[in-house]
Amino acid sequence: MSLRDFLKNEKDVMEFNESLSTKYEIPLIMKKHDGGSILIFNNIKNYSDFRIVAGICGTREKILKSINANKNNYYEKIINAINNPIKPKIEEFHFDIEKEDLTCLPVLTYYERDPGPYITAGVVIAKHPTKNFQNASIHRLLVLDKKRMAIRIVPRHLYSMYQEAKELGKDLEIAIAIGLHPAVLLGVNTSPKYGIDELWVANSLLDGKLKLTNCETVNIEIPIDSEIIIEGVIKKDELVDEGPFVDLTGNYDIIRKQPVIEINKIMMRKNPLYHAILPGGCEHKLLMGLPKEAKIYDSISKIIPEVKGVRLTMGGCCWFHAVISIKKQAEGDGKNAILAAFGSHPSLKHVVVVDDDIDIDNMSEIEWAIATRFQGDEDLIIIKKARGSSLDPSSDKERMITCKVGIDATIPWDKPRERFLKAKIPGE
Ligand code: MN
């Protein structure tokens, strides 16, 4: 269940053999091919031992294939993994190479205003300082010097562990894994409740095939198949400027004071594969959005018997816009679906609900449903001053206050239904 195994079975791969720089040159090619093939860079200027891989989660199809699911059944697979995490087996393992210094890694500098090289596909794994559970989540990491990185931590689970360690007067031990199977990356993005190790969720997605091993300098269990492991601590008493960094929306985020990681050591396989995620690219969006689609699907399914599909659309950054198709059974179902969607994904801003005859992967059909089935004075819901996302530049970014809009584009039940149906040609 390694990244190497996954790549062996992947045919949609482009390889680059010319010498390319980690600063802008590789990111530029990543941007050009965003949402397409997997890219492998074999010849990296100043880092001859490494290969860089990008786009392994760059399409919905690639991610779903990695968990043996399709676009109709992945919701249940993800929700089942969250509800039934499986403890992975632990085995002894020793990595081939040991290093002391972050400058050995081919970390990319992506955009013109970036303050330095950023690790973007690092899974940060920590153990609760007093309780016996781990947390795993992806965080952007700005390389500051040979031994230090800035880490952006939004107030969620890792933040709680960091705060609890701080209150005990301790640094928080962590390990960072880079170069993982797409299913592991999806698993760590599922956000189960605090206390559930996302690696156990990933193991459930992989039908129990994920193996872990122990770190050497910290008390943490890491995926045995990782390409690169960085061991260290989040310092209890040091904050630095982090950013500006390009986030999900493709805009620069603000600069904030964020904690510092001090590393102990780096361990790697021979000829390691360094995975890089383009900030604001498809891979970034899908890894964030896909698990949320499952959560939205799950919560609407509790109030409406037949939910056909949920998509967080690419244009909405796989974060702000949802399209939901339902089999409507009563007037008002569309509006209830809108409310359930807003309740299950707080960052959501605009929701469109359509009937089950609309293809939610086809933007034209969605627009057609709005054009022919929606009346603004009856079918629109506006929720003012709700809590939104810090990522939306048009919202009140400090307080995260936003306006939410729901569009019920399902067929109204007080008008003759046949008026709204698509005409068919016999044999079509
Ligand atoms: Mn967690």
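Just follow the structure's listing: the first ligand is 1, and inside any ligand the first atom is 1.
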Student: Please indicate how many protein N/O/S atoms are found closer than 2.8 Å to the Mn ion (ligand 1), with waters neither displayed nor included.
Tutor: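 Counting protein N, O and S atoms closer than 2.8 Å to the Mn ion (ligand 1) gives 3.
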
Student: Counting only heavy atoms not in R4 (residues, nucleotides, ligands), do more than 12 fall under 6.0 Å from its CZ?
Tutor: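 Counting other residues, nucleotides and ligands, CZ of R4 exceeds 12 neighbours.
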
Student: Do other residues, nucleotides or ligands put more than 12 heavy atoms under 6.0 Å from the CG atom of N132?
Tutor: no

Student: List the atom pairs, with distances to 0.1 Å, where a side-chain N or O of residues 177-192 and a protein N or O form a donor-acceptor pair under 3.5 Å, not counting sequence neighbours.
Tutor:
from : atom 1 : to   : atom 2 : distance (Å)
H181 : ND1    : A183 : N      : 3.1
N189 : ND2    : L185 : O      : 3.0
T190 : OG1    : G187 : O      : 2.7
S191 : OG     : K292 : NZ     : 3.4

Student: What side-chain donor-acceptor pairs closer than 3.5 Å can you find for residues 276-283, not counting sequence neighbours?
Tutor:
from : atom 1 : to   : atom 2 : distance (Å)
E283 : OE1    : G55  : N      : 2.9
E283 : OE2    : I56  : N      : 3.1
E283 : OE2    : C57  : N      : 3.0
E283 : OE2    : H275 : NE2    : 2.9

Student: Among residues at least two apart in sequence or on other chains, which ones pass salt bridge (charged side-chain N to carboxylate O under 4.0 Å, His left out) with D49?
Tutor: none

Student: Can you classify the ring geometry of Y194 versus H157 as parallel (below 30°), tilted (30 to 60°) or perpendicular (above 60°)?
Tutor: tilted

